[in-house]
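Computed from heavy atoms alone, side chains included, the values below leave out hydrogens, waters and symmetry copies. As the structure is a prediction and not an experimental result, all values here were calculated from the model.
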Amino acid sequence: MIIVDDAGSFLPAMNHSPWEGVTIADFVMPFFLFIVGVALALAYKRVPDKLDATRKATLRALKLFCVGLVLQGGFFHGVRSLTFGVDITQIRLMGILQRIAIAYLVTALCQIWLKGDDDVDSGLDLIKRYRYQLLAGLLITITYMVLLYGTYVPDWEYRISGPGSTEKTFTVKCGVRGDSGPGCNAVGMIDRKILGIQHLYGRPVYARSQQCSIDSPQNGPLPPDAPSWCQAPFDPEGLLSSVMAIVTCLIGLQYGHIIVHFQKHRERIMHWLVPSFGMLVLAFAMDFFGKDIVNS
């Protein structure tokens with residue numbers, strides 16, 4: 001991630017994809033969430049007091065969320081000009097640490113409360129013991145898909161500051177369902193409605209796309225025919241997109257269970273490979289049929 005932050009500006013392969021596609025940088029966050037899930041399987045291998053464990057997990061998640069508000073909400077954004085402080089009316093509410101906190105808390109609660117007492121001697125026994133966690137992950141994924149492709153996105157508008165104290169208003173024409181593009185997707189619409197557009201990330205990654213930058217995949221001047229949404233705020237760690245972050249963490253939790261219940265490396269690798277190839281086939285199938293999940 002340090003390489004991405006420092007080298008991404010001149011090495012496109014090390015920078016985040018402007019929208020569609022994937023680069024090395026785009027694997028960092030999912031891998032981290034995956035490892036959080038694996039760690040939770042080890043940390044909560046035995047839970048003698050579920051209420052106490054729940055209290056500690058909730059408190060830890062709240063601390064992480066608050067740290068995220070301080071770091072990414074705007075307090076340190078003026079560190080070079082020594083202009084510290086945050087405008088509460090404009091503070092960014094979501095961010096990387098906030099997303100991790102949400103995924104951690106939900107996954108920890110699943111591990112504390114949603115596991116059976118069945119003995120595990122095979123892969124089927126593993127599924128049986130943690131069937132409620134798998135069901136929770138399935139229900140979360142279905143909910144995400146329904147909201148992503150079924151939510152109606154109306155036309156919307158936003159304002160940006162112009163020269164002096166003037167403001168310029170842009171209108172984004174949508175009136176669609178199931179759009180996965182930058183301007184009219186349900187992810188952004190839900191964030192605008194619930195969080196408020198003034199609390200979203202002000203430098204969206206799609207500003208580097210070919211539609212919005214002459215120097216794409218780098219930031220640059222707007223093309224003459226740039227869409228109206230190019231300068232609109234958009235939070236890559238928003239509410240709906242964080243739902244699938246929970247699922248990523250839950251997947252890591254299941255892989256961690258394999259470490260706990262199987263001691264031989266050969267068994268572990270085999271039990272890792274089967275679901276891995278299954279999810280890979282499912283991902284390619286969804287992409288082929290045009291239902292690729294957009295984890296913005």
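Pro233 has its side chain out of reach of Arg203: every pair of non-hydrogen atoms, C-beta onward, lies at least 4.5 Å apart. Leu253 is listed as a side-chain neighbour of Gln111, based on a closest heavy-atom distance under 4.5 Å. Annotation: side chain of Val153 is in contact with side chain of Arg192 (closest heavy-atom distance under 4.5 Å). At a threshold of 4.5 Å between non-hydrogen side-chain atoms, the residues Leu69 and Phe65 count as touching. Looking only at side-chain heavy atoms (C-beta outward), Ile35 and Leu33 stay at 4.5 Å or farther from each other. Residues Phe32 and Ile96 form no side-chain contact, since every pair of their non-hydrogen atoms from C-beta on lies 4.5 Å or further apart. Residues Leu240 and Ser242 fail the side-chain proximity criterion, which asks for heavy atoms closer than 4.5 Å. Residues Leu64 and Ile100 form a side-chain contact, since some pair of their non-hydrogen atoms from C-beta on lies under 4.5 Å apart.
Residue-environment remark: CE (Met279) exceeds the threshold of 12 foreign heavy atoms within 6.0 Å. Within a 6.0 Å radius of OH in Tyr152, more than 12 heavy atoms belonging to other residues, nucleotides or ligands are found. Atom CG of Asp49 has more than 12 neighbouring heavy atoms from other residues, nucleotides or ligands inside a 6.0 Å radius. More than 12 heavy atoms of other residues, nucleotides or ligands sit less than 6.0 Å from atom CD of Glu267. Counting heavy-atom neighbours within 6.0 Å of Arg131 CZ, excluding the residue itself, gives a total above 12.
In this structure, CG on Asp235 lies 6.0 Å from CG on Asp191, to the nearest 0.5 angstrom.
Among all heavy-atom pairs drawn from Leu114 and Ala136, the shortest one is CD1-CB, 4.4 Å. For the residue pair Thr171 and Ser228, the shortest heavy atom distance occurs at O-OG, 3.0 Å. Closest approach of Gln98 to Arg92, counting heavy atoms only: NE2-O, 4.4 Å. Closest heavy-atom contact between Ala108 and Ala57: CB-CB, 4.1 Å.
With hydrophobic clusters built from ILVMFWY side chains whose heavy atoms lie under 4.5 angstrom apart, Leu222 does not share a cluster with Phe234. By the criterion of side-chain heavy atoms lying less than 4.5 angstrom apart, applied directly or through intervening Ile, Leu, Val, Met, Phe, Trp or Tyr residues, Leu134 is not grouped with Leu280; the two fall into different hydrophobic clusters. Note: the hydrophobic cluster containing Leu147 also contains Ile140 (ILVMFWY, side chain heavy atoms under 4.5 Å, direct or indirect links). Under the 4.5 Å side-chain heavy-atom criterion for Ile, Leu, Val, Met, Phe, Trp and Tyr, Ile127 and Tyr132 are members of distinct hydrophobic clusters. Leu42 and Phe31 end up in different hydrophobic clusters when Ile, Leu, Val, Met, Phe, Trp and Tyr side chains are linked at under 4.5 Å.
Judged by distance alone, the side chain of Gln263 and the main-chain N or O of Val260 form a donor-acceptor pair under 3.5 Å. Here the side chain of Arg129 pairs a donor or acceptor atom with the backbone of Asp118 at under 3.5 angstrom. Between the side chain of Thr23 and the backbone N or O of Asn15 there is at least one donor-acceptor pair closer than 3.5 Å. In this structure a side-chain-to-backbone donor-acceptor pair under 3.5 Å is present from Arg177 to Gly150.
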**Message:** If you apply the rule side chain to side chain contact (heavy atoms under 4.5 Å, CB included), what do you find for Ser180 with Asn185, and how did you get there?
**Reply:** CA-CA 5 Å; Ser180 59; Asn185 61 77; 5.6 Å; no

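For the 3.5 Å distance criterion, the side chains of Arg60 and Tyr104 qualify, holding a donor opposite an acceptor. With hydrogens and angles left out, the side-chain atoms of Arg208 and Ser213 include no donor and acceptor closer than 3.5 Å. For the residue pair Gln133 / Gln254, a side-chain donor-acceptor distance below 3.5 Å is found, with atom types taken as modelled. Inspection of the Thr54 and Trp113 side chains reveals an N or O donor paired with an N or O acceptor under 3.5 Å.
Salt-bridge formation is not detected for the pair Glu157/Lys173: no Lys NZ or Arg NE/NH1/NH2 atom is positioned less than 4.0 Å from an Asp or Glu carboxylate oxygen. A salt bridge between Lys56 and Asp52 is present, with a side-chain N of the basic residue lying under 4.0 Å from a carboxylate O of the acidic one.
Using a 30° and 60° split on the angle between ring planes, Tyr255 and Trp272 fall in the parallel class, below 30°. Using a 30° and 60° split on the angle between ring planes, Phe170 and Tyr158 fall in the parallel class, below 30°.
Within the 6.0 Å centre-distance limit, the rings of Tyr130 and His261 are counted as a close aromatic pair.
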